[in-house]
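For reference, the structure discussed in these notes is given below.
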Amino acid sequence: LELWDHSLLTAEMAARIAKLKKTRSSADLCFTAGLLHDTGKVVLVHFFKKAHRQISQDLENNPELRFSDLEKKYLGYSSAEIGGRLLQIWNFPDELSQAVLFREKPENAKINPELCCIVHTANAIVMSAGVGMDAGGLQEDLSSFALEKLKLSDDDLRGLMLALPDIMHDLDELRAI
């Protein structure tokens, strides 16, 4: 449930960033990319349970470690790489597969760096609120490239952070239906 909540919150936050900054990437596209950004983690949790448990244990014992580094240690690739590749196999548009693949390093995106920056930033905001920390930790840095590309100010980030309780409330209402 936590991963699903994290994905939904990231999706909504990505759409809000798009609206706030009036980006070329539509709010709907950003929502979709945010929803899909952790597709590889779903695979990791369900099909690589032993590796996932080991990663979680390592993070618990050494919180300064990066989740993506541990994925590469135990699997040879990251959940971002898994998710990006799956979206390619499933014939999703390249800009969506790159948004998943480069969610941690948006500066590497070639097709739509703006979309990757939005997903990266939305994910970081949601993680900083403690939603999705079960296995991701807080050791993934917020990219200065993303902040510059999106022209996000400290006030913008503060406003987005302050919107999280309302988004979480809306999510709770949706669940109650």
Grouping I, L, V, M, F, W and Y whenever their side-chain heavy atoms are under 4.5 Å apart, do M127 and F102 come out in a common cluster? no
Do F67 and S79 have side-chain heavy atoms sitting under 4.5 Å apart? yes
Tell me, do T121 and L157 make a side-chain contact under 4.5 Å, heavy atoms counted? yes
Quick check for you: to the nearest 0.5 Å, what is the distance between S25 atom OG and F31 atom CZ? 15.5 Å
So, for P106 and A146, which heavy atoms are closest and what is the spacing to 0.1 Å? CG-CB, 4.1 Å
Flag for H6-E2: side-chain donor and acceptor within less than 3.5 Å: no
Side-chain heavy atoms nearer than 4.5 Å, only ILVMFWY residues, links allowed to pass through others: does that put I118 and I125 together? yes
Main-chain N/O of K110 paired with Q98 side-chain donor or acceptor, under 3.5 Å: yes
Take K73 and D69 through the test side chain to side chain contact (heavy atoms under 4.5 Å, CB included) and record every step on the way to the result. CA-CA 6 Å; K73 175 182 175 182; D69 292 340; over 6 Å; no
Which heavy atom of A33 sits nearest to which heavy atom of V119, and what is that distance? CB-CG2, 3.5 Å
Between W90 and T39, is the side chain to side chain contact (heavy atoms under 4.5 Å, CB included) condition met? List the steps. CA-CA 12 Å; W90 294 335; T39 301; 4.1 Å; yes
Distance-only, no hydrogens or angles: does the E81 side chain make a donor-acceptor pair with backbone N or O of S78 under 3.5 Å? yes
Applying the 4.5 Å side-chain criterion to the ILVMFWY set and letting contacts propagate, would Y77 and V43 be lumped into a single cluster? yes
Measuring only between side-chain heavy atoms, which start at C-beta, is M161 closer than 4.5 Å to S128? yes
Please check this pair: side chain of K21 against backbone of L152, looking for a donor-acceptor N/O pair closer than 3.5 Å. no
Pairwise distance CG(L20) to CE(M13) - rounded to 0.5 angstrom: 10.5 Å
Go through T10 and L35 one step at a time and tell me if the side chain to side chain contact (heavy atoms under 4.5 Å, CB included) criterion holds. CA-CA 7 Å; T10 300; L35 192 62; over 6 Å; no
The reported gap from CD in E12 to CG in L171 (rounded to nearest 0.5 angstrom) is 10.0 Å
Can you get from L160 to L164 by hopping between Ile, Leu, Val, Met, Phe, Trp and Tyr side chains that sit under 4.5 Å apart? yes
Is the backbone N or O of S97 less than 3.5 Å from a side-chain atom of Q88, with the two atoms forming a donor-acceptor pair by type? no
To the nearest 0.5 Å, what is the distance between CD on E64 and CG on L59? 9.0 Å
Any sub-3.5 Å donor-acceptor pair from H37's side-chain atoms to G34's backbone N or O? yes
Quick one: are F92 and V100 in side-chain contact, heavy atoms under 4.5 Å? no
Where is the tightest heavy-atom contact between C117 and F145, given as atom of each residue plus distance? SG-CE2, 3.5 Å
List the steps and the verdict of side chain to side chain contact (heavy atoms under 4.5 Å, CB included) for I82 and F47. CA-CA 12 Å; I82 295 168; F47 296 103; over 6 Å; no
Shortest non-hydrogen pair, D58 vs L65, comes out as O-CD1, 4.0 Å
Can any side-chain N or O of D156 pair as donor or acceptor with the backbone N or O of S153 at less than 3.5 Å? yes
Look up atom CG in D94 and atom CG in N112, then write down how far apart they are to the nearest 0.5 Å. 11.0 Å
L142 CG to L147 CG distance, which is reported to the nearest 0.5 Å: 4.5 Å
Show the nearest heavy-atom pair for residues A18 and A27, with the distance to one decimal. CB-CA, 3.9 Å
Do I17 and V126 belong to the same hydrophobic cluster, where Ile, Leu, Val, Met, Phe, Trp and Tyr are linked whenever their side-chain heavy atoms lie under 4.5 Å apart, directly or via other members? yes
Would one find more than 12 heavy atoms of other residues, nucleotides or ligands at under 6.0 Å from atom CD of E60? no
Would you check if there is a donor-acceptor pair between the side chains of S68 and R103 at a distance under 3.5 Å? no
